[in-house]
Amino acid sequence: MDVNADFRRPASLHTQDMPWVPSPMPGVERRMLDRMGGEVARATSIVRYAPGSAFSAHTHTGGEEYLVLEGVFQDEHGDFPAGTYVRNPPTSSHTPRADDGATILVKLWQFDMKDRQQLSVDTTIADPVAIAPGVSEIPLYADNRERVRIEVWDAHTKVNVSQHKGFEALVLEGSFSFEDQTYKAHSWLRLPPDYAFEGTAGELGARLWIKSDHLGEPQLAPEDRDLST
């Protein structure tokens with residue numbers, strides 16, 4: 001299955017208007033943002049767990065990162081409330097569930113296969129640091145392949161991003177405008193390398209999850225990945 005699988009082109013979705021699609025596990029539904037592959041896929045999705053729902057135990061051969069958007073997401077390693085960012089590297093395993101329900105942004109099979117760093121960040125207790133006029137950030141993760149952060153844009157701030165190796169954003173709160181579209185909570189945007197972003201925060205500002213510089217290499221489905229590197 002291919003969904004927004006041409007990474008040479010911009011892609012955007014206003015996910016709040018999309019239907020929920022059932023997953024193989026009862027009570028777990030998803031909205032697919034991009035995807036390459038079958039049930040095992042290089043995928044970016046918003047996933048909703050109904051109260052009491054769970055996924056069976058599994059290993060993340062290609063790694064998993066997620067941001068909890070609503071509720072409390074759980075596994076045998078702990079409880080992860082809304083605002084928690086987690087990286088489970090290749091070869092890690094868990095049994096996820098949501099006793100009271102949860103919604104997460106999740107990305108699968110997008111790691112360096114040698115990465116073994118487990119990471120959990122509670123973004124609700126971190127203070128954003130100013131990086132430009134009207135823009136502050138909470139760093140989440142960075143290496144030579146990507147940079148992940150929460151950015152907070154003050155109302156009406158103009159934000160320009162260029163000379164990047166890919167740019168991806170999910171609106172958490174507020175809104176911004178870009179190329180005659182308004183992106184509100186849970187709207188998603190992905191731009192290919194060097195596609196200039198020139199956006200303006202809305203009247204209430206914007207809080208976003210952003211990943212950049214992660215599309216400089218060809219994006220591959222799991223069956224096309226070299227798992228030894």
Any ion pair linking [Y] and [X] (charged N to carboxylate O, less than 4.0 Å)?
| X | Y | result |
| --- | --- | --- |
| Arg8 | Asp6 | yes |
| Glu65 | Lys107 | no |
| Arg87 | Asp115 | yes |
| Arg30 | Glu39 | yes |

Relative to Trp20, does Arg31 satisfy both conditions: NZ or CZ under 6.0 angstrom from the six-membered ring centre, and within 45 degrees of the ring's axis?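 Relative to the ring axis of Trp20, which defines the angle, Arg31 lies inside both limits.
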Looking just at side-chain N and O atoms, do [X] and [Y] make a donor-acceptor pair shorter than 3.5 Å?
| X | Y | value |
| --- | --- | --- |
| Glu168 | Trp209 | no |
| Asp34 | Thr44 | yes |
| His77 | Gln118 | no |
| His14 | Ser187 | yes |
| Glu198 | Asn160 | no |

Before we go on, tell me: are the rings of Phe197 and Phe167 under 6.0 Å apart, centre to centre?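 Centroid separation for Phe197 and Phe167: below 6.0 Å.
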Between His58 and His94, ring centroids under 6.0 Å: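 Ring centres of His94 and His58 closer than 6.0 Å.
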Would you say that more than 12 heavy atoms from the other residues, nucleotides or ligands in this model lie under 6.0 Å from the CZ of Arg116, or not?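 Correct, the count exceeds 12.
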Exceeds 12 heavy-atom contacts within 6.0 angstrom, atom CE of Met25: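 Enclosed: over 12 neighbouring heavy atoms sit under 6.0 Å from CE of Met25.
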Shared hydrophobic cluster, Trp153 / Phe178 (ILVMFWY, side-chain heavy atoms < 4.5 Å):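 Yes, Trp153 connects to Phe178 through the hydrophobic network.
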